[in-house]
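These figures come from a predicted structure and were not determined experimentally.
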Amino acid sequence: MRRLSKLVRTTTFRLSAVYLVVFALSVGAILGYIYWNTAGLLARQTDQTIRAEVGGLAEQYRQGGIRRLVATVAARSVRSGSSLYLVTDFTGQRIAGNINAIPTGATEQTGWVEFDYRVPTGDGFEPHIARAYYTRLTSGFVLVVGRDIEERRRYARLIRQTVFLSLALTLLLGLGGGLLMSRNFLQRIDRISRSSQVIMKGDMAERMPVSGSGDELDRLASALNDMLDQIERLMAGMREVSDNVAHDLKSPLTRMRAQVEDALRGGTKASYRAALESTLVEADRLLKTFDSLLSIARAQAGEARKNIADTPLDEVIGDVAELYEPSVEAAGGTLKVAKGKSLIVAADRHLLAQALSNLLDNALKYAAVAAKGGRRARPLTIRISTRQAGDMAEIIVADNGPGIPAADRDRVLARFVRLDPSRSEPGSGLGLSLVASVAKLHGGTFTLEANNPGLKAVLAIPLRLTA
Amino acid sequence: MPGLAKAVKKSIEHAVMRILVVEDDREAASYLLKGLGESGHAVDHAGDGEEGLFLAREAVHDVLIVDRMLPRRDGLSLIEVLRGEGIDTPVLILSALDGVDDRVRGLRAGGDDYLTKPYAFSELIARVEALARRARPGEARTRYRVGDLRLDVLARTVSRAGKPIALQPREFRLLEYLMKHAGQVVTRTMLLEQVWDYHFDPQTNVIDVHISRLRAKIDKGFSPPLLHTVRGAGYSLRAPAE
């Protein structure tokens with residue numbers, strides 16, 4: 001019972017019920033029209049025949065008087081068939097014909113009357129219904145001409161029955177079909193609910209069933225599955241971050257702890273001071289790492305996506321370049337911004353600036369590292385340019401610094417990867433992975449290429465959709 | 001800590017301020033009270049939002065330092081109520097939430113500045129001083145003077161000892177901000193936020209290079225130097241013994 005009420009409450013069932021009502025109404029209208037056309041036509045034809053015959057007999061009476069009428073009626077009465085005749089005198093006494101008396105109800109001068117009469121059969125009588133036209137002639141004679149309409153009525157009844165049966169069948173089939181469709185729908189919905197319950201219990205590998213028919217439920221299930229995939233990816237990312245955090249934040253914390261412990265053991269004022277100072281440096285570095293991690297996590301979670309707006313690329317680049325230019329010059333290098341076509345991108349201005357700033361930080365930092373190692377003879381040149389590539393705007397930051405070996409280029413985009421194994425250089429190893437996250441958040445890409453010499457970082461961000 | 005506080009105290013010529021700290025974390029609060037006290041300010045403390053509201057209504061403060069997440073009444077609602085009652089004491093919001101949206105929400109609720117935890121004490125005291133300065137009336141000035149350095153906001157001119165100095169637009173804004181807060185310590189983060197409108201910290205010393213460029217223009221060839229580096233805190237523009 002509960003199951004039935006559940007079925008009845010489905011959208012499919014309600015829709016099919018509404019459709020059924022409309023359908024039944026139109027079927028009823030069509031059948032009604034057919035009924036009127038067949039049964040009605042027959043009735044009209046009967047009436048016409050009777051009227052014609054009455055006309056003919058009245059003519060006989062006018063021309064040949066009662067005698068001729070009686071003779072004709074008598075002759076026709078004995079003919080087998082369904083015609084009924086009667087001629088009476090003014091007292092109502094039968095003179096000729098095959099019915100006994102004027103049917104009751106025939107009180108007017110002339111008119112239609114329907115009456116019961118009995119038809120002799122082999123072993124008695126059978127009640128039939130007849131329809132007759134009566135007319136009072138001059139001198140009080142009455143002429144009645146009729147037809148047995150039992151057959152016609154039976155036929156009409158049959159048509160009526162067929163009509164009602166068809167209607168009933170339509171309703172029954174429609175209702176049954178609706179229930180069947182609803183049941184099918186409900187079963188699929190139930191399967192989806194079951195899957196979601198499995199997922200809620202913690203099995204993230206479970207997916208919504210897709211029947212393969214490509215209908216709206218399939219589309220819904222696919223959309224839900226895509227969503228689950230994304231959630232799973234995010235969760236995997238979170239796990240990765242927490243693993244990395246555990247790994248990469250623990251070592252500086254351990255170092256800090258060891259320094260403090262060591263200083264406590266030493267006990268001189270100078271050693272306290274040195275320990276405190278290096279602890280402060282370590283703590284600041286930890287905080288920076290933490291900030292970068294949060295920025296990346298935020299970019300990956302897509303939280304910033306709502307801040308995406310039309311952003312003129314050259315303005316963002318101009319601002320960041322202006323911030324970094326003195327630093328590059330102080331390092332003995334030059335920062336060039338190539339004037340290009342002005343492009344408008346759909347971007348979070350702040351994150352884009354941060355990504356660019358990370359790229360410039362990187363170029364500066366590694367050029368400095370190389371210079372310290374005595375590996376550089378040429379002055380640092382950083383060139384920022386933009387170009388349109390299909391529906392993307394590419395921001396290219398190219399330097400002539402030490403570059404990154406081809407084999408390591410993908411690896412450096414992962415979190416915490418630093419190519420300097422001793423990790424003695426400043427930086428958290430998060431700069432480039434933030435850039436990659438920013439690219440991904442915008443639906444763009446971030447790639448590293450060789451600049452021969454140096455590194456070419458290409459950040460592609462979707463252009464604003466032109467209206 | 002005392003050394004730093006003393007250095008900060010020495011570096012600024014300020015009036016004693018009355019500051020209300022609304023912070024529920026007892027250790028964080030005592031660290032703040034100690035630091036602010038050592039900087040020479042009078043400090044009140046409230047441990048939750050309701051108490052904070054009571055104290056803020058009760059007495060006139062120069063600056064409120066409000067933690068964003070508080071028991072009984074959260075920081076943003078506290079600020080909204082105060083603003084609704086026409087109390088417009090400058091508020092510095094302290095929060096662990098450091099997203100751009102969190103910052104915007106905090107400022108929209110009526111906060112005047114937003115500092116994310118964890119912070120260096122030097123950063124906090126610099127911002128508190130800046131807020132108190134901003135709140136003083138008659139500050140909407142178009143001309144500034146520090147020693148013999150003059151800046152005209154409307155004419156966009158700078159001169160030192162009568163000699164005009166040509167500055168790039170950004171250098172002008174940098175100097176304008178420093179002059180507005182003359183005598184106070186301004187931090188690198190404050191400069192990035194106020195002059196460049198960036199809320200992230202670059203990994204390299206970009207601000208330092210901008211400052212040394214500016215210093216080369218306004219201090220080189222003149223005496224005495226006006227633009228000072230405050231170690232471990234930031235920068236301060238001031239004339240000696242003024």
Of the backbone (N, CA, C, O) and the side chain (C-beta and beyond), which part of A/Ala330 lies under 4.5 Å from a heavy atom of chain B, both, or neither?
side chain

Specify the closest pair of heavy atoms between A/Tyr324 and A/Asp361, including all atoms of both residues, with the distance to one decimal.
OH-OD1, 3.0 Å

Please walk me through it: do B/Asp197 and B/Arg170 pass salt bridge (Lys or Arg N to Asp or Glu O under 4.0 Å)?
CA-CA 12 Å; B/Asp197 194 26; B/Arg170 189 76 66 175; over 6 Å; no

Quick one: what part of A/Val320 sits under 4.5 Å from any heavy atom of chain B, side chain, backbone, both or neither?
both

Distance check, rounded to the nearest 0.5 Å: A/Asn362 atom CG versus A/Asp399 atom CG?
8.5 Å

Basic-acidic side-chain contact under 4.0 Å: B/Asp208, B/Arg188
yes

Please classify the contact of B/Arg213 with chain A as side chain, backbone, both or neither, using a heavy-atom distance under 4.5 Å.
side chain

With a 4.5 Å cut-off on heavy-atom pairs, point out which of B/Leu192, B/Thr116, B/Ile207, B/Val209 contacts chain A the most.
B/Val209

Checking B/Glu193 now: which residues fulfil salt bridge (Lys or Arg N to Asp or Glu O under 4.0 Å) with it, not counting sequence neighbours?
B/Arg103, B/Arg127

For the interface with chain B, which of A/Asp319, A/Leu323, A/Leu276 has the highest count of heavy-atom pairs at distances below 4.5 Å?
A/Leu323

